[in-house]
Chemist: 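Below are the structure tokens for one structure; questions will follow.
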Amino acid sequence: MKDALERNIDLQATVTRLDAARANAKITGADQYPQFGAGLTGGRRELIFDETIDPPSTLTSDSYGFSLDLSWEIDVWGRLRDSASASIADYEAATADLAGARLSLVGNTAKFWFRTTTARQQLALANETVASFESTVDLVRSRFESGNSSSLELRLALANAAAARALKQQRAQELEQSVRALEVVVGTYPENTLETVDELPELTQSVPAGLPSELLNRRPDIVAAERRLAGADKRVTSAKKSLLPSLRLTGSAGTASEDLSNIIDADYSVWSLVGGLTQPIFQGGRLRANVERSKAEAERSYLDYSRTVLTAFQEVENALAGEKYLSIREKELLEASVQSEGAQRLAEDEYA
């Protein structure tokens, strides 16, 4: 599990998506603050001011400027704050997705580990089965050669031995595939060299009774769905507020001169400050369509959240019910094993 968390490729891809969501939250939040910039300009132009003489008389002039520029949209209605909150919710959802990916990865690592151990046991059982059928073939052939068994019994014994050897090859292939799948999960090349154990661990206890359903709130998929729903709600309010007037301030301060050496001289300073109130009137229905789209996405997020919660309850209920049925099945299989071993001893005694 430690190797999988460090090297699994799918998990690394999820981490990059989280990084992108974090950066997007920073970008969206930056719109709430003033934007500063600096500019340095320089130019030369030539004008003709007397065309009556040949050649025409011209005037060449230089101009240089340095400025610090300010642009700021004052968030009167909270539209930018809502947009930033939506991006933060997206980042929190991505964080929950990463937690879910990590949880799923360690769960799948355990599954592949147990599957590989089971495949080793199945191969060991297949080897024992081959040895048993080949022993039977030797016994039947000996009786056939002495005239005490028919050729039908010998052919059936040979068929059983061949089928057991075929099953052995199948089990060996399944073990190799399981090991390679486990190697891919832990982020290594699938070369069928990973060592695992030969025995499954014993279960020490079952799930305790009386656990509250609120424990499902710890599931990362539910947390992620809830955060996406919260972000969608914020986008609806932000889209509605885009219909309201916006207040913007722009300013500039700096110097302007025809001589480059004067560009840092305060005597040549220039400045400007402009405030503007803008009210959208007609944009072809774009803003109202954006509101409707945001509402539809919020409704979809609500339905996704509801489905995620229902799926979580279904998975938990199935797991609890499955534990009960598997426990009963295990007892019956143990009983079948005991009876089969007894029947084997009786059959061997009768045949002997």
Chemist: For Gln121 and Asp198, which heavy atoms make the closest approach, and how far apart are they?
Modeler: NE2-O, 3.1 Å
Chemist: Does a donor on one side chain and an acceptor on the other come within less than 3.5 Å for Arg235 and Ser238?
Modeler: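 No pair is found: no donor N or O on one side chain lies under 3.5 Å from an acceptor on the other.
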Chemist: Check for a donor-acceptor pair, side chain of Ser327 on one end and backbone N or O of Glu323 on the other, with a separation under 3.5 Å.
Modeler: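 Here the side-chain-to-backbone pair does not exist.
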Chemist: In this structure, would Leu215 and Val316 fall into the same cluster of hydrophobic residues linked by side-chain contacts under 4.5 Å?
Modeler: yes
Chemist: Decide, yes or no, whether a salt bridge links Glu174 with Arg171 under the criterion of side-chain N to carboxylate O below 4.0 Å.
Modeler: yes
Chemist: Considering non-hydrogen atoms only, spot the tightest contact between Asn217 and Val223 and give its length.
Modeler: O-CG2, 3.4 Å
Chemist: Looking at Ile9, I'd like to know if its CD1 atom is crowded, meaning that more than 12 non-hydrogen atoms belonging to other residues, nucleotides or ligands lie closer than 6.0 Å.
Modeler: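 Incorrect, the count does not exceed 12.
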Chemist: Do Asp90 side-chain atoms and Gly231 backbone N/O form a donor-acceptor pair below 3.5 Å?
Modeler: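 No, the answer is negative, given that no donor and acceptor are paired below the 3.5 Å cut-off.
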Chemist: If you draw a 6.0 Å radius around NZ in Lys234, do more than 12 non-hydrogen atoms from other residues or ligands fall strictly inside?
Modeler: no
Chemist: Between the side chain of Trp77 and the main-chain N/O of Pro245, is any donor-acceptor distance below 3.5 Å?
Modeler: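 Answer holds: yes.
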Chemist: Shortest non-hydrogen contact from Val137 to Ala161?
Modeler: CG2-CB, 3.8 Å
Chemist: Would the number of heavy atoms belonging to other residues, nucleotides or ligands and lying under 6.0 Å from CZ of Arg329 be above 12?
Modeler: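 Check fails, neighbour count at 12 or below.
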Chemist: Tell me if the CD atom of Glu348 is crowded by more than 12 foreign heavy atoms within 6.0 Å.
Modeler: yes
Chemist: Show the nearest heavy-atom pair for residues Glu73 and Ser246, with the distance to one decimal.
Modeler: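 So the two residues come closest at OE2-CB, 3.6 Å.
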Chemist: Which atom names give the shortest non-hydrogen contact between Val140 and Ser149, and what distance separates them?
Modeler: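 Between these two residues, the closest heavy atoms are O-CB, 4.2 Å.
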Chemist: Taking 4.0 angstrom as the limit, do Arg288 and Glu292 come out as a salt bridge?
Modeler: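 Salt bridge: no.
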Chemist: Are there more than 12 heavy atoms of other residues, nucleotides or ligands under 6.0 Å from atom CZ of Arg22?
Modeler: yes
Chemist: Output yes when Glu153 and Arg143 qualify as a salt bridge under the 4.0 Å nitrogen-oxygen rule, no when they do not.
Modeler: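 No, no charged N to carboxylate O under 4.0 Å.
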Chemist: Flag yes if Leu320 and Phe313 sit in one hydrophobic cluster, no otherwise; membership is Ile, Leu, Val, Met, Phe, Trp, Tyr, and two members link when side-chain heavy atoms are under 4.5 Å apart.
Modeler: yes
Chemist: Distance check, rounded to the nearest 0.5 Å: Asp19 atom CG versus Asn24 atom CG?
Modeler: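 Rounded to the nearest 0.5 Å, the CG-CG separation comes out at 12.5 Å.
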Chemist: Tell me every residue that passes salt bridge (charged side-chain N to carboxylate O under 4.0 Å, His left out) with Glu226, counting only those two or more places apart in sequence or in another chain.
Modeler: none
Chemist: Thinking salt bridges, do Arg228 and Asp304 make one under a 4.0 Å N-O criterion?
Modeler: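 Result for this pair is no, no salt bridge flagged.
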Chemist: Any donor and acceptor pair, going by atom type alone, linking the side chain of Glu183 with main-chain N or O of Thr193 inside 3.5 Å?
Modeler: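 Checked: pair present.
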